[in-house]
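Comments concern the structure below.
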Amino acid sequence: MRKLRKIIFPTAGMGTRFLPATKASPKEMLTVVDKPLIQYGVEEALAAGMDQIIMVTGRGKRSIEDHFDISAELESNLRNAGKEELYKEVSRVARMAEVIYVRQKQALGLGHAVRCAAHWINDEPFGVSLADELIVGETPAMQQLKEVYDQTRCSVIGLMQVPRGEVYKYGIVSIQGETDGLLRLSGMVEKPAVDDAPSDMAIIGRYIFTPRLMQLLKLVTPGKGNEIQLTDAIAELAREEPVYGVPVHGQRFDAGNPGGFLLANAVLGLQHPQYGDTLRKALKPYL
Ligand code: UTP
């Protein structure tokens, strides 16, 4: 099988949980401390050697393209003003990856968004990453998945344990068995009621798939919420070939809603080498 280099970032959702902030700007461009969510995601993918980025965008998402594009005017202004560090950073972001943009004309679901990138995948394995799920840690989340992919050459899904009472917010997996620390998955359900949840292990927006997933996705019909669900295709895949779950280590924030986003800014702000101390002192009177 070909080397794993491609990764899809679906960014065409409506972001309804974060309205009105997301009415005119993409939630993937919301900034945590000093850079937008999508940049965290792309840097994580690059750290795992996945350097061919396919961004699935939709209406109102142009600022994502601009963020990763070269702005000659800005770069020359920064240089002329002697702002060398800023120049280097802006120029690094614009050149960090090869990015292809694909349009999802209607937000018909995550599975549909991934399917929109099918043309660019062909018969290659590929990653999928949801940038509003921010995961930070010593080993980037995608790297943790890739290590299992390299070992098994099978599809790998990033997982985290969630409190039983919160299973209704996530895709939840059923675990068939465990060999050598690898969880073999037999299926998954999207946002189950607590009593119907097959486990407390949730899918957290990081995936690596064999090309077969894309073929199965083309056959999926609208499911829960009348959307084309990625989980339906994964469940089908798991019937045909091994799909493994990897408990991901790291701090995870659901930054696609205001509560998780605020927490991400607070925690990463306090941990930040440049801003942490000042922020801690400034916050003291409010705590
Ligand atoms: P979410 O359900 O978190 O995103 O989908 P959403 O639909 O934008 O958010 P809410 O629930 O309305 O607040 C997970 C990811 O899939 C993308 C989203 O952009 C997000 O990154 N997505 C979802 C698409 O690209 N297209 C879709 O049709 C749906």
Side-chain angles (χ1 to χ4, degrees), residues 9 11 13-48 60-61 63-64 66-68 71 74 78 81-94 96 129-144 158-170 200-206 247-287:
F9 283 88
T11 66
M14 307 269 263
T16 46
R17 286 170 299 155
F18 222 134
L19 283 168
T22 47
K23 184 178 172 213
S25 42
K27 73 174 162 187
E28 294 78 9
M29 287 301 290
L30 291 169
T31 297
V32 172
V33 186
D34 57 357
K35 59 188 175 189
L37 286 166
I38 190 69
Q39 189 179 328
Y40 284 91
V42 168
E43 287 175 344
E44 183 193 313
L46 293 175
K61 304 280 179 167
S63 55
I64 298 176
D66 290 341
H67 185 70
F68 292 104
S71 168
L74 176 63
L78 290 172
K83 297 182 174 165
E84 200 58 26
E85 285 308 309
L86 281 177
Y87 161 75
K88 277 193 200 147
E89 182 56 10
V90 164
S91 127
R92 182 185 74 84
V93 172
M96 64 169 53
S129 180
L130 309 186
D132 57 340
E133 296 274 4
L134 177 59
I135 307 172
V136 288
E138 219 163 276
T139 310
M142 263 301 172
Q143 176 63 29
Q144 297 178 43
L159 303 174
M160 272 192 192
Q161 196 166 25
V162 294
R164 198 89 211 168
E166 290 182 18
V167 289
Y168 69 92
K169 295 184 192 167
Y170 299 94
D200 57 358
M201 294 302 277
I203 300 175
I204 47 148
R206 298 293 185 278
V248 169
H249 302 286
Q251 294 172 303
R252 174 190 157 269
F253 306 96
D254 178 4
N257 73 73
F261 175 76
L262 282 173
L263 186 64
N265 268 296
V267 173
L268 298 190
L270 288 168
Q271 290 173 351
H272 197 277
Q274 189 180 344
Y275 309 118
D277 285 344
T278 318
L279 183 62
R280 197 168 293 106
K281 279 185 204 134
L283 280 174
K284 234 180 188 159
Y286 299 99
L287 295 173

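A quick note: this is a predicted structure, and the numbers were derived from the prediction, not measured. Heavy atoms only: backbone and side chains are in, while hydrogens, waters and symmetry mates are out.
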Value rounded to 0.5 Å, distance of [atom1] in [X] from [atom2] in [Y]:
| X | Y | atom1 | atom2 | answer |
| --- | --- | --- | --- | --- |
| Gln39 | Asp34 | CD | CG | 8.0 Å |
| Met142 | Ile135 | CE | CD1 | 8.5 Å |
| Thr16 | Asn257 | OG1 | CG | 10.5 Å |
| Leu37 | Thr11 | CG | OG1 | 11.5 Å |
| Ile38 | Ser129 | CD1 | OG | 7.5 Å |

Please check if the number of heavy atoms outside Glu138 that lie under 6.0 Å from its CD is greater than 12.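 Incorrect, the count does not exceed 12.
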If you compare all heavy atoms of [X] against all heavy atoms of [Y], which two are closest, and at what distance to 0.1 Å?
| X | Y | value |
| --- | --- | --- |
| Leu279 | Gly269 | CD2-C, 3.6 Å |
| Gly13 | Lys61 | O-NZ, 3.2 Å |
| Thr31 | Phe261 | O-CZ, 3.3 Å |
| Gln161 | Asp200 | NE2-OD2, 3.1 Å |
| Lys27 | Thr22 | CB-CG2, 3.4 Å |
| Glu28 | Ala131 | CG-CB, 4.3 Å |

Under 3.5 Å: donor-acceptor pair, side chain of [X], backbone of [Y]:
| X | Y | value |
| --- | --- | --- |
| Tyr40 | Val32 | yes |
| Asn265 | Val33 | yes |
| Arg252 | Glu133 | no |

What's the verdict on side-chain contact (heavy atoms from CB on, under 4.5 Å) for Asp132 and Phe18, showing C-alpha distance, side-chain angles and the deciding distance? CA-CA 11 Å; Asp132 57 340; Phe18 222 134; over 6 Å; no
Partner set under ring-ring contact (aromatic ring centres under 6.0 Å, His included) for His249, not counting sequence neighbours: none
Give me each pair satisfying salt bridge (Lys or Arg N to Asp or Glu O under 4.0 Å) with a member in residues 38-48, each pair once, sequence neighbours excluded.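 Qualifying pairs: Lys35-Glu43, Glu43-Arg92, Glu44-Arg206.
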Close side-chain approach of Leu268 and Leu134, heavy atoms under 4.5 Å: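 They are in side-chain contact.
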Using the side-chain hydrogen bond (donor to acceptor under 3.5 Å, both in side chains) criterion, which residues pair with Gln251? Sequence neighbours excluded. none
Step by step, work out the side-chain contact (heavy atoms from CB on, under 4.5 Å) result for Arg17 and Asp254. CA-CA 11 Å; Arg17 286 170 299 155; Asp254 178 4; 3.3 Å; yes
Are Ile203 and Tyr170 close enough, and set up right, to give a side-chain contact (heavy atoms from CB on, under 4.5 Å), and what steps lead you there? CA-CA 7 Å; Ile203 300 175; Tyr170 299 94; over 6 Å; no
